[in-house]
Enquirer: 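The structure's right below; bear with me while I get my questions together.
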2 protein chains.
Amino acid sequence: MYLASLGKLALGSRLKALSDHFYGAADEVYQTLGATIESRWLPVLRYLWDVGPSSVTEVADAIGQTHSAVSQLTDKLVHAGMVRRQRDPADGRRTVLVLTEKAHASLAELGPIWCAVRRGVTFSLEEHAAQLLDAIEACERALQERPVVQAILAEHAAIEASPVEVVPYAPELREHFHRLNAQWLERYFRIEEIDGVVMSDPERYILQPGGAIFFARLGEDIIGTCALLQESPGVFELTKMGVDETFRGLGAGKRLLDACIAEFHRREGHTLFLESNSVLRPALRMYEKAGFVLQPSIRPGSHYERADVYMVYQDR
Amino acid sequence: MYLASLGKLALGSRLKALSDHFYGAADEVYQTLGATIESRWLPVLRYLWDVGPSSVTEVADAIGQTHSAVSQLTDKLVHAGMVRRQRDPADGRRTVLVLTEKAHASLAELGPIWCAVRRGVTFSLEEHAAQLLDAIEACERALQERPVVQAILAEHAAIEASPVEVVPYAPELREHFHRLNAQWLERYFRIEEIDGVVMSDPERYILQPGGAIFFARLGEDIIGTCALLQESPGVFELTKMGVDETFRGLGAGKRLLDACIAEFHRREGHTLFLESNSVLRPALRMYEKAGFVLQPSIRPGSHYERADVYMVYQDR
DNA sequence: CAGAGATACGTTAGTGCTTACGTAAGTGCT
DNA sequence: AGCACTTACGTAAGCACTAACGTATCTCTG
């Protein structure tokens, strides 16, 4: 599913899809079992069933919808003979919604079906149903406490305020080198033996053999890294390029790449290559734009299991 | 929020509400920052951006919507100057959607905004965002493997096939007594000291002092329990009534209650009372229907912290 | 190579919700 | 008491999507 790759950007779309799935499933069940109810009615009917006669606004607030939605839904429920509208004698503005006898009878019969729904969802989703409910609840609460729009605007201001800077390796940044690379390795592949060795001691395995490491910095955050590894005199490998997922789109990758290529020239290398994997499409496109050319076959004697792309830099 | 109390029954509604919240938040951000994009466009635009020119059906499949939806969205995108429709020369039925130059320019500028969105969501929801995404992914997968409609219908058939039976205490059911009571105690209150003692050794604390325990059984599942505790000669307390959350609505509670009242009569008790809490509204309604009458104040010298309701049985 | 069936996709009608608006009824301030 | 305000709620218009349909095009089979 493509949407999964968009992560937090497509949260709305994915939630909607799941929501529609459950609505549809419930309706299918009701219809198959001959229940005269629709999935969208449930919150209103259950509220009136649990709490008793209530005004439109009261119901709307409880189930988290607008009074218009409840009012329109009430039209349908009245038409279906499930609800009566009554004027509130104490307050002429209010319309009190009351379940009819028919509704009481219908709802009483629905017990086993609702039970089956809960059981079926539990069977189908196993423990994920509870995890989903917990996550929803936690998110609802968090959104109340820390409105997401403000948070996003604040982050945007912070991002705009300070530019992405590229800085060379420094010992105190070593753990960032590990963190940033582990992030994408674990997400898309796994940490191969050679990765673990190099990531844990980059000074020894990258800098000492005549290589270089750069970091991208945004304010106080180290958001990306990239390494230039000297494989043999004049032959360099571009490797361990990683940008924090949440910080992509700021051009940090390109800046790091440019820094590595500049360093390659400064050291008067004659060959610069890289190995990658075809699933990392945005990265490959960036390499191409920077001057790397896709080779027809993978590099002979590659160190990496995951390598299925081999590119060589062609100066222009 | 009332919907939370419906649990798995209202999954669709809650997901929809969250979904709308995120769509709305994204649109607010785009508008505030002056980006000429709407949240609903994102899946299509990002797909074309990541994958390149694609046909309508291809996009629809990737983002999990119907071709109609994509087609109609395309109308808007064309109108906004973001997308061009092209006939596929190789297959005259297909319409290839291509991002315009303007779209490329717009999307390139959106990088920092998307970054801010990811960062903002992470800040606002903390670890719950990742939990939500994981749960969504797990549910999507589970729904594919075990369609929920079939699961529900199967459960319903199982429920209809065998009636709820009430059975008296037996030693091998002891752990069910603990499980069923722990479920609601932990959910709404906490397990007080006296609860723990009684639940762990019901034979000693309920049966030996002249009480009784009943269980509700559905097929192989023990789905509910209820106890009659003799407090002093002829004075009985109805206590430890619990029905498995997923099995509510089958009338098991009422059956257990009737069994306890019958037992109370069989033992020729003269007083039957219960203590409960006002949040357990459906249970209180059931007690009332069975003949319990709400007392004006709580029982003097109650054993329970949570008791704020005191009811006494009035034979009719 | 004809014709049945499948596929691609635009169009239309309908659904479930929203926002915006209008009206009636209650509330509060002077 | 009078007038601005708020509140309750129905109605209208609009949006995002779906299902159903129609048309054009392609593919497969005998």
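Numbered from 1 within each chain, the chains take letters A, B, ... in sequence-line order.
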Enquirer: What is the distance from CZ of A/Arg14 to P of D/dC17, rounded to the nearest Å?
Expert: 16 Å
Enquirer: For B/Glu109, is the CD atom crowded, meaning more than 12 foreign heavy atoms sit under 6.0 Å from it?
Expert: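 For B/Glu109, atom CD is not crowded (no more than 12 foreign heavy atoms under 6.0 Å).
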Enquirer: Under the side-chain hydrogen bond (donor to acceptor under 3.5 Å, both in side chains) rule, collect the residues that match up with B/Arg94, sequence neighbours excluded.
Expert: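 Counting only residues at least two positions away or on another chain, B/Arg94 forms a side-chain hydrogen bond (donor to acceptor under 3.5 Å, both in side chains) with B/Asp88.
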Enquirer: Within this structure, what is the CG-to-P distance between B/Asp88 and D/dA24, rounded to whole angstrom?
Expert: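 Whole-Å distance recorded here is 18 Å.
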Enquirer: Please enumerate all residues that pass side-chain hydrogen bond (donor to acceptor under 3.5 Å, both in side chains) together with A/Tyr23, with sequence neighbours excluded.
Expert: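 B/Ser13.
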Enquirer: For A/Gly52, is there any backbone N or O sitting under 3.5 Å from a side-chain donor or acceptor partner on A/Ser54?
Expert: yes
Enquirer: Tell me which residues in residues 16-51 of chain B put a heavy atom below 4.0 Å from DNA chain D, sorted by number, or none.
Expert: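 Of all residues in residues 16-51 of chain B, the ones placing a heavy atom under 4.0 Å from DNA chain D are B/Glu38, B/Arg40.
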Enquirer: Taking only residues two or more places apart in sequence, or in another chain, which ones meet A/Tyr2 in a ring-ring contact (aromatic ring centres under 6.0 Å, His included)?
Expert: B/Tyr47
Enquirer: Which heavy-atom pair separates B/Glu155 from A/Gly120 by the least distance, and what is that distance?
Expert: CG-N, 3.6 Å
Enquirer: I need the CG-P distance between B/Leu77 and C/dC9, as an integer number of Å.
Expert: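 It is 15 Å, rounded to the nearest whole Å.
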Enquirer: Need to verify one output field. Residue with the more 5' nearest nucleotide on DNA chain D, B/Thr66 or B/Gly92?
Expert: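 Its nearest nucleotide lies further toward 5', so the answer is B/Thr66.
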Enquirer: If you look only at distance, which donor and acceptor atoms sit under 3.5 Å apart when one is on a side chain in residues 67-83 of chain A and the other is two or more places apart or in another chain?
Expert:
unit_1: A/Thr74; atom_1: OG1; unit_2: A/Val70; atom_2: O; d: 2.6
unit_1: A/Asp75; atom_1: OD1; unit_2: A/Arg85; atom_2: NH1; d: 3.0
unit_1: A/Asp75; atom_1: OD1; unit_2: A/Arg85; atom_2: NH2; d: 3.1

Enquirer: Measure CD/B/Gln86 against P/C/dG10 and give the value in whole Å, please.
Expert: 13 Å
Enquirer: So, does A/Lys76 get its side chain near the phosphate of C/dT15, meaning an N or O under 4.0 Å from OP1 or OP2?
Expert: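 A/Lys76 to C/dT15 OP1/OP2: no side-chain N or O under 4.0 Å.
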Enquirer: For a quick check, with a 4.0 angstrom heavy-atom cut-off, what is the B/S/- contact string for nucleotides 2-11 of chain D, read 5' to 3'?
Expert: -----BSBBB
Enquirer: Under a 3.5 Å cutoff, is there a donor and acceptor pairing between the side chains of A/Arg119 and B/Thr246?
Expert: yes
